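Please read the structure below before turning to the comments.
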Amino acid sequence: MLFGTPIFFRLAYFFTAFAPALLLLDIRASQKLFKDFKIFIFNAGELMILVMTILIILSGIYLKNYLKRQQEDEDYRVKGIVISFNLNNEKLLRHNYQIIEAQKGAKINSGFIAFAISIVTPSLLFDRLKNDDFLIALGIIILFFLLLMMSNDVFPNIILPIFGIQLMVTADNYNIFYFSKKIQMLSGIKALNYIGTAKGLSRTFVITDREIYDEEILDSLNKDQDGI
């Protein structure tokens with residue numbers, strides 16, 4: 001879902017998506033590996049937890065600002081695909097628009113159960129591990145990061161809603177970001193913007209506040225006919 005996005009966007013998404021596991025890993029490290037190290041007034045473990053918390057907060061702020069920029073950037077406008085919150089989309093269908101119908105099985109911030117089972121629960125079991133296994137746990141998280149980098153599958157993130165970012169997964173497997181403060185945008189027929197340069201390959205968009213009206217549908221149809 002992150003194909004075509006900048007490396008900083010992917011890193012920020014990683015730090016927020018894996019925040020629970022990373023914080024628990026830091027706590028485990030502070031208890032077992034760095035409890036006798038001091039850096040100024042902090043021991044090394046406390047400093048690790050503080051740095052990770054700051055990284056997660058900065059990552060959330062960066063993600064929100066990035067998505068807002070993409071939402072307003074005309075160069076990333078999606079052509080021929082709209083998201084509809086209306087019950088009747090026959091007019092759009094007649095004019096060859098691809099319609100993402102939000103009312104048909106869309107899920108908001110989905111995948112939490114799978115996330116909890118695969119990431120959070122193993123993190124809670126770190127207390128049962130020996131010191132040597134700490135690096136194995138870290139290696140597993142790095143493998144998850146590589147998977148996130150190279151996959152176009154949806155990756156749940158339980159931290160983003162704290163920053164007002166919601167992720168809608170539609171019945172036809174499109175991933176669509178929107179902002180909690182702009183919930184009024186979830187009505188009518190809205191244009192979408194890509195979040196990266198890979199465009200349709202990631203199947204991931206951000207909702208814009210631009211309404212699609214009948215006149216625009218007709219103009220689009222006429223342009224298509226003129227180009228034939």
Side-chain angles (χ1 to χ4, degrees), residues 1-27 29 47-79 81 108-112 114-116 118-120 122-123 134-170 173-182 191-208:
M1 63 180 288
L2 303 182
F3 279 168
T5 56
I7 184 64
F8 286 115
F9 184 89
R10 300 187 198 190
L11 286 169
Y13 199 92
F14 169 75
F15 281 121
T16 51
F18 284 85
L22 291 170
L23 287 172
L24 288 169
L25 198 63
D26 281 348
I27 292 170
L47 190 60
M48 284 176 60
I49 294 170
L50 178 61
V51 169
M52 185 57 64
T53 302
I54 292 172
L55 266 176
I56 291 166
I57 293 172
L58 291 177
S59 295
I61 294 171
Y62 170 81
L63 290 172
K64 188 169 186 176
N65 289 335
Y66 177 88
L67 288 171
K68 282 184 175 180
R69 288 197 304 271
Q70 294 301 106
Q71 185 184 55
E72 297 168 358
D73 193 335
E74 292 290 333
D75 291 337
Y76 287 86
R77 185 74 71 206
V78 180
K79 295 181 180 179
I81 306 176
I108 306 300
N109 299 320
S110 65
F112 174 74
F115 177 83
S118 63
I119 304 297
V120 178
S123 301
F134 173 82
L135 293 178
I136 296 175
L138 180 61
I140 291 172
I141 290 180
I142 292 172
L143 288 176
F144 272 112
F145 170 67
L146 294 175
L147 176 64
L148 173 64
M149 285 286 190
M150 297 182 290
S151 172
N152 68 343
D153 197 6
V154 62
F155 218 90
N157 192 319
I158 63 174
I159 299 298
L160 290 189
I162 297 173
F163 293 91
I165 304 170
Q166 309 293 341
L167 178 61
M168 177 190 301
V169 182
T170 64
N173 294 318
Y174 284 99
N175 314 308
I176 300 174
F177 287 105
Y178 68 94
F179 301 104
S180 302
K181 286 187 176 180
K182 294 189 175 182
L192 300 168
N193 277 11
Y194 295 108
I195 69 164
T197 56
K199 300 194 173 179
L201 185 60
S202 68
R203 299 177 68 85
T204 306
F205 311 122
V206 58
I207 294 179
T208 73

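These numbers come from a predicted model, not from an experiment.
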Practice task
Under the side-chain hydrogen bond (donor to acceptor under 3.5 Å, both in side chains) rule, collect the residues that match up with Gln166, sequence neighbours excluded.
Solution key: Asn109, Ser180
Practice task
Would you confirm whether Thr197, through its side chain, and Gly4, through its main-chain N or O, come within 3.5 Å as a donor-acceptor pair?
Solution key: yes
Practice task
Go through the steps to decide whether Val206 and Leu192 satisfy the test side chain to side chain contact (heavy atoms under 4.5 Å, CB included), and finish with yes or no.
Solution key: CA-CA 6 Å; Val206 58; Leu192 300 168; over 6 Å; no
Fill in the blank from the handout: All heavy atoms of Arg77 vs all of Thr208, minimum pair found to be NH1-CG2, 3.2 Å
Handout entry: Residues Thr5, Tyr13; criterion side chain to side chain contact (heavy atoms under 4.5 Å, CB included); working and verdict
Key = CA-CA 11 Å; Thr5 56; Tyr13 199 92; over 6 Å; no
Completion exercise
The reported gap from CD1 in Ile158 to CZ in Phe18 (rounded to nearest 0.5 angstrom) is 11.5 Å
Practice task
Verify whether the ring centers belonging to Phe205 and Tyr194 lie closer than 6.0 Å.
Solution key: yes
Exercise for the section: Decide side chain to side chain contact (heavy atoms under 4.5 Å, CB included) for Leu2 and Thr204; before the verdict, give the C-alpha distance in whole Å, the side-chain angles of both, and the deciding distance to 0.1 Å. Expected result: CA-CA 7 Å; Leu2 303 182; Thr204 306; 5.9 Å; no
Handout entry: Residue pair Ile159 / Thr16: nearest heavy atoms and the distance that separates them
Key = CG1-O, 3.1 Å
Handout entry: Residues which pass side-chain hydrogen bond (donor to acceptor under 3.5 Å, both in side chains) with Thr53, listed by chain and number, not counting sequence neighbours
Key = none
Exercise for the section: Identify the heavy atoms of Gln70 and Asn193 that sit nearest to each other, and give their distance. Expected result: O-ND2, 2.6 Å
Fill in the blank from the handout: Minimal heavy-atom distance between Ala19 and Ile56, with the atoms involved, is CB-CD1, 3.5 Å
Check residues 57-67 and write down every donor-acceptor pair under 3.5 Å in which the side-chain atom is one partner and the other belongs to a residue at least two apart or another chain.
from	atom 1	to	atom 2	distance (Å)
Ser59	OG	Leu55	O	2.7
Lys64	NZ	Phe163	O	3.0
Asn65	ND2	Ile61	O	3.4
Tyr66	OH	Ile195	O	2.5

Practice task
Drop me the distance from Ile165's CD1 to Tyr178's OH, to the nearest 0.5 angstrom.
Solution key: 12.0 Å
Exercise for the section: Working to the nearest 0.5 Å, report the span between NZ of Lys182 and CD1 of Ile207. Expected result: 11.5 Å
Exercise for the section: Decide yes or no on side chain to side chain contact (heavy atoms under 4.5 Å, CB included) for Phe15 and Met52, but give the supporting numbers first. Expected result: CA-CA 8 Å; Phe15 281 121; Met52 185 57 64; 4.1 Å; yes
